[in-house]
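In what follows, every heavy atom counts, from backbone to side chain, and hydrogens, waters and symmetry copies are set aside.
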Amino acid sequence: MSRAIPRTYWVAGAAVLLALLFAAAATVAAANGGSAARPADPPRTPGLRSPDAGFARDMAVHHQQAVEMSFLVRDRTQDEAVRTLAYDIANTQANQRGMMLGWLDLWGLPKVVADEPPMSWMGTSGGHGGHAGHGPAKPGALMPGMATKEELEQLGAASGRDAEVLFLQLMTDHHKGGVTMAEGCAQLCATPVERDLAQGMVDAQRSELTLMADMLKQRGATPRG
């Protein structure tokens with residue numbers, strides 16, 4: 001096992017602590033509408049089925065799979081460009097996942113709600129209004145863009161160029177689904193710092209989509225679908 005794994009998980013753990021600090025400020029900001037004009041008002045904590053809580057729960061799961069796929073490909077190729085991309089994705093999304101789980105802890109909300117369908121916080125099973133985006137989840141996948149168990153096993157069994165191409169294709173799908181979800185939160189979430197985080201995800205993952213398309217082209221391949 002490489003040395004990057006414990007470092008990444010250390011970052012994710014530290015992010016939970018940082019998230020408590022960010023979320024405290026976020027809760028106050030949400031309560032005051034972004035200003036200090038009404039300090040006497042009690043904080044408005046997001047509700048159980050609010051977009052804020054639903055996005056945090058769903059995106060934490062979505063991010064966890066991206067981290068898993070990044071670890072898989074890192075150990076199956078010596079290509080520095082792919083390994084660097086995988087490390088960046090794992091590090092960034094583990095950090096963001098820690099922040100979202102920290103917010104749920106601060107809000108006193110569960111990380112899993114048994115009867116809550118994935119992405120129901122967006123208003124419909126496919127999205128909210130104009131956010132149908134990447135379409136419904138494929139059979140065997142929990143949310144749009146997520147890989148199936150069989151696809152993860154295929155990635156784990158591949159090596160070299162085959163692993164690189166499959167990772168880039170799977171992560172392209174994953175980012176497209178993640179962008180749809182993050183766009184939903186950027187419009188629907190009430191907590192300012194969570195909206196900012198979601199918009200940051202949109203911007204960063206769109207940039208990585210362009211990068212991954214170029215990397216696939218260099219390997220004589222294209223994104224799927």
Taking the side chain as C-beta and beyond, is there a heavy-atom pair between [X] and [Y] under 4.5 Å?
| X | Y | result |
| --- | --- | --- |
| His63 | Met100 | yes |
| Val112 | Arg57 | no |
| Asp115 | Val113 | yes |
| Phe167 | Thr77 | no |
| Leu48 | Pro110 | yes |
| Thr180 | Met122 | yes |
| Arg224 | Leu170 | yes |

Between Gln65 and Ala147, is there a donor-acceptor pair closer than 3.5 Å when you use the side chain of the first and the backbone of the second?
yes
Donor-acceptor under 3.5 Å (Arg83 side chain, Arg74 main chain)
yes
Find the distance between [atom1] ([X]) and [atom2] ([Y]) and round it off to the nearest 0.5 Å.
| X | Y | atom1 | atom2 | result |
| --- | --- | --- | --- | --- |
| Leu216 | Met171 | CG | CE | 12.0 Å |
| Ser70 | Asn91 | OG | CG | 10.0 Å |
| Met181 | His62 | CE | NE2 | 5.5 Å |
| Arg219 | Asp214 | CZ | CG | 10.5 Å |
| Leu85 | Glu164 | CG | CD | 11.0 Å |
| Ile89 | His175 | CD1 | NE2 | 4.0 Å |

Where is the tightest heavy-atom contact between [X] and [Y], given as atom of each residue plus distance?
| X | Y | result |
| --- | --- | --- |
| Thr191 | Pro46 | OG1-CG, 3.8 Å |
| Leu155 | Ala163 | CD1-O, 3.7 Å |
| Ala53 | Leu109 | CB-CD1, 3.7 Å |
| Pro118 | Asp58 | C-OD2, 3.6 Å |
| Ala221 | Arg161 | CB-NH2, 4.3 Å |

Check step by step if side chain to side chain contact (heavy atoms under 4.5 Å, CB included) holds for Gln154 and Leu166.
CA-CA 8 Å; Gln154 185 181 358; Leu166 183 56; 3.6 Å; yes
Does Lys217 NZ have over 12 foreign heavy atoms under 6.0 Å away?
no
For a side-chain contact (heavy atoms from CB on, under 4.5 Å) with Pro223, tell me which candidate from Leu209, Asp173, Leu168, Thr172 qualifies.
Thr172
Among Met201, Glu208, Gln205, find the residue that satisfies the side-chain contact (heavy atoms from CB on, under 4.5 Å) test when tested with Val179.
Gln205
Describe, in one word, how the ring planes of Phe55 and Trp121 are oriented to each other, choosing from parallel (under 30°), tilted (30 to 60°) and perpendicular (over 60°).
perpendicular
Kindly determine whether Thr148 and Glu153 satisfy side chain to side chain contact (heavy atoms under 4.5 Å, CB included), including the steps that lead there.
CA-CA 9 Å; Thr148 64; Glu153 290 174 348; over 6 Å; no
Excluding sequence neighbours, so at least two apart, what forms side chain to side chain contact (heavy atoms under 4.5 Å, CB included) with Gln199?
Ala186, Val202, Asp203
In plain terms, say whether Asp52 and Arg195 are close enough for a salt bridge, that is, a side-chain N and a carboxylate O under 4.0 Å apart.
no
